[in-house]
Amino acid sequence: MQADSTNPVLNSPTVEKVIKPMGHYPLRIVRGEGVRFWDEEGTEYLDAVSGEWVVNLGYRHPKVVAAIKEQLDSIEYVTPVFENEQRTKLAEKVLSKAPKNMRSVLFALSGADAVEGAMHLAMRATGGSEFVSLFSAFHGTTFSTLALSYSYPKMLEGSKEGLDRYLTRQIRVPNYNCYRCPFGLKPGSCDMLCARYIDTAIKHQPDAKVAGVIIELFQSNGGMIPMPEGYIEMVREICTKNGVALIADEVQTAFSRCGDIFASNVVGVEPDLIVMGKAFGAGLPLSGVVAGEGFTSLRGWEAGFTLMATPAVCAGSLAMLEVMEEEDLGKNSTEIGAHMVARLNDMKERYSIIGDVRGLGLMIGVELVKDRESKEPADELTGFVWKDALEKQRLLLGKSGPVFGDFGNVIKLKPAVNTTRDQADEMLDRLERSLAAAQARLDRMH
Ligand SMILES: Cc1ncc(COP(=O)(O)O)c(C=O)c1O
């Protein structure tokens, strides 16, 4: 059929053909390999964020590509109600790497619908209906996950559109954040008020019982914030004592990013439910929930999707996990991550704009401030670093944007977990040039 040349929408230069996400940048990428990608003009870029912390083995890992192609040669789709060999093998592999209390895997398509799957499982297991989440958390953009995320209050502003009808009420509690403690306390003398507050919040719900507490094990979009030592142990105890599910949102932290297939194993916690997404499908849509003993029952088809866990996607994910296992990439992530953090701390000695460097494996944040004493966020200069790095250094970084968390002043580094030391140094050399340019701008302002 010929394109309709009279169609007013197709011919309008003012109508956006694609509704674009926030932060859209008009770069046309045509090819990727390892930690590099190329635009349509052949310009090469170095990727310090694995796409969107998704291609954890880099672009087009040969073993992942081969596994997907091989599966596509036999069958591309099997209805979820039939057996699916690749799905079973993947579930077994995931469970073999998860904390030892884990029993089953529920599959889904994106991080947000997997979070909702975990919510269903928690509600069925506990009989509760409320959820506790942290102030600067991000768990997705479906109605209920938006309600769990920091963007919720913004969405409800002057809620004439009736969004509040769907954005459910959730219980928000202050964050863990030792660099900017929400209670104004100092680590070591705070008696872990951020964790203890969760106990108070659970006990003071007059209308309904709490079903779960959902926590990112390293808060990502909220500003790359590590949990203080002892925090998760205390939250685990609080959840157990109150009969509430502990849900670890590992959408960003899983798949060797933090030193193990699951960050739960690194921080030493057995959550009741672990949410997986992003890197799980090695670049294709796949997410899921690993469910612990007592948290594995659903009613009917209450959390299922037609396209979940298709054979080719599962084959790619399985190949990815095998590579991570064979090459001990959790260890690589820990070693290269420590090297990058050490070099960034060295830069901190030279550039006052660096307020704080935080990392767990290859999950790294660099917080930029105008002044180290006042900690005033250097939002605009962070935007400058991101743009300078992309346009002049040909380096893709991440950045906490204006609606991401409290401030937009954190540079994110989450390269592929098989990044070599030389590649990491190349990323840091390029980043340093952009930081030096930002520092010069800051110096001129003073
Ligand atoms: C921690 C966390 N949970 C959930 C989500 C939602 O994932 P998705 O965008 O795939 O729905 C994200 C996405 O950024 C995330 O970072």
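Counting convention: from 1, in listed order, for ligands and their atoms alike. Quick note: numbers below take in every heavy atom, side chains included, and nothing from hydrogens, waters or symmetry partners. These figures come from a predicted structure and were not determined experimentally.
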For the residue pair F183 and Y197, categorise the inter-ring angle as parallel (less than 30°), tilted (30 to 60°) or perpendicular (more than 60°). tilted

Test of proximity, G140 against ligand 1: N or O pairs below 3.5 Å: no

So, 4.0 Å and heavy atoms of K278: is ligand 1 close enough to count as a contact? yes

What atoms of ligand 1 come within less than 4.0 Å of a heavy atom belonging to A112? 6 (C), 7 (O), 8 (P), 11 (O)

Between E367 and K348, does any NZ, NE, NH1 or NH2 come within less than 4.0 Å of an OD or OE carboxylate oxygen? no

F135 and Y150: aromatic ring centres closer than 6.0 Å? no

Does the ring of Y179 carry K375 above it, NZ/CZ under 6.0 angstrom from centre and within 45° of its axis? yes

Is the distance between the ring centroids of W386 and Y25 under 6.0 Å? yes

Audit row: K241, E237, salt bridge (Lys or Arg N to Asp or Glu O under 4.0 Å) steps and yes/no: CA-CA 6 Å; K241 207 174 63 194; E237 219 178 290; 6.0 Å; no

Starting from atom 3 (N) of ligand 1, which protein heavy atom do you reach first, and at what distance in Å? D249 OD2, 2.7 Å

Ring pair (Phe, Tyr, Trp, His ring centres under 6.0 Å): which pairs involve residues 298-343, sequence neighbours left out? none

For atom 7 (O) of ligand 1, what's the nearest protein heavy-atom neighbour? Residue, atom name and distance, please. G111 CA, 3.3 Å

Return the option from V251, N221, T142 holding the heavy atom at the smallest distance from atom 5 (C) of ligand 1. V251

Top protein contact for atom 2 (C) of ligand 1, by heavy-atom distance: F138 O, 3.3 Å

Atom 11 (O) of ligand 1 within contact range, any protein heavy atom under 4.0 Å: yes

Among Q219, E216, Q252, E250, which residue places a heavy atom closest to atom 16 (O) of ligand 1? Q252

